[in-house]
Amino acid sequence: LKEYSDMSQFIILRGAYPFDLQSTSKKILSRRTLTTHFVRLRRNLKEDKLWEIEPILMPDNPNDWESQVWLIPDTAIASGSTISYLLREGLKYYKPEKVFVFTAVGALKGIKRIYGVCREYGVEFIPVFSQSIFAVSSQGVLPNLPLTDLSIEHKRTISGKKFYQKAHM
């Protein structure tokens with residue numbers, strides 16, 4: 001990432017502390033500070049069991065999207081609907097060269113959805129995981145909420161031995 005001088009991060013505000021790359025930018029990025037935009041989206045489950053996204057807070061100036069590289073940190077990715085929505089909205093205004101998605105854990109199903117949006121627009125997609133790529137169940141542990149259960153025990157979950165062992169301590 002040090003080779004790029006024009007980067008913006010899009011922080012998705014959720015119920016917990018947001019995942020912000022600003023504190024790590026001095027270590028992995030050439031810039032002193034990252035241009036940061038805050039995003040708040042509400043997900044509503046429709047009757048057909050698909051997520052509908054409602055924007056609450058989005059960059060409102062088309063120029064806010066103009067960066068060579070978009071960095072999207074998100075604590076966890078299940079269905080990928082939130083980031084896919086963010087990308088589709090931003091790609092109406094500007095097409096970056098690359099989109100990096102940083103996540104602690106994510107489902108392969110969600111990553112594939114995000115990749116599909118990037119591929120559709122001809123943007124290189126680079127997912128960065130710090131722990132595991134989870135298989136996501138079609139019926140989550142939360143009643144009637146599909147694509148929400150990220151289990152380390154799922155047979156298609158990909159994880160390192162150390163993380164798997166820590167999950168069982």
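Just so you know, these numbers come straight off a predicted model, no measurement behind them. Because only heavy atoms are used, hydrogens play no part in the values below, and waters and symmetry mates are left out as well, while side chains stay in. Note that the numbering runs from 1 along the sequence shown for the chain.
- From Leu86, atom CG reaches atom CG of Leu41 across 6.5 Å, with rounding to the nearest 0.5 Å.
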Verify side-chain contact (heavy atoms from CB on, under 4.5 Å) between His37 and Ile11, making sure each step is shown before the conclusion. CA-CA 6 Å; His37 303 284; Ile11 296 179; over 6 Å; no
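- Residues in residues 54-80 take part in these salt bridge (Lys or Arg N to Asp or Glu O under 4.0 Å) pairs, two or more places apart or across chains: Arg14-Asp74, Arg42-Glu54.
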Does the side-chain contact (heavy atoms from CB on, under 4.5 Å) test come out yes or no for Ser81 and Arg113, once each step is laid out? CA-CA 7 Å; Ser81 60; Arg113 177 181 275 173; 3.2 Å; yes
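- Atom CD of residue Gln9 and atom CD1 of residue Ile72 lie 10.5 Å apart, to the nearest 0.5 angstrom.
- Not less than 6.0 angstrom separates the ring centroid of Phe100 from the ring centroid of Trp70.
- Here OH of Tyr93 is found 8.5 Å from CH2 of Trp65. Values are rounded to the nearest 0.5 Å.
- Scanning both residues, Pro59 and Phe38, for their nearest heavy atoms gives CD-O, 4.3 Å.
- Pro96 approaches Gln68 most closely through the heavy-atom pair CB-O, 3.5 Å.
- The shortest side-chain heavy-atom distance between Glu89 and Met58 falls under the 4.5 Å cut-off.
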List the steps, then state whether side-chain contact (heavy atoms from CB on, under 4.5 Å) holds for Cys118 with Lys98. CA-CA 9 Å; Cys118 288; Lys98 298 177 189 258; over 6 Å; no
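- When Val39, Leu13, Ile12 are each tested for a side chain to side chain contact (heavy atoms under 4.5 Å, CB included) with Leu57, only one passes: Leu13.
- Contact check for Val128 versus Thr103: no side-chain heavy atoms found under the 4.5 Å cut-off.
- How far CG of Leu87 is from OH of Tyr115: 13.5 Å, rounded to the nearest 0.5 Å.
- Using a cut-off of 4.0 Å between Lys/Arg side-chain N and Asp/Glu carboxylate O, Glu52 and Lys46 are scored as not salt-bridged.
- Glu120 contributes atom CD, which lies 10.0 Å from atom OG of Ser84 (distance to the nearest 0.5 angstrom).
- Remark: Tyr121 pairs with Arg88, Leu91, Val117, Val123 by the side-chain contact (heavy atoms from CB on, under 4.5 Å) rule, at least two apart or across chains.
- Here the closest heavy-atom approach between residue Gly80 and residue Ile114 is recorded as O-CG1, 3.9 Å.
- The two residues Pro73 and Phe10 make their nearest non-hydrogen contact at CD-O, 3.5 Å.
- Using a distance-only test at 3.5 Å, with no hydrogens or angles considered, a donor-acceptor pair links the side chain of Thr36 to the main chain of Leu34.
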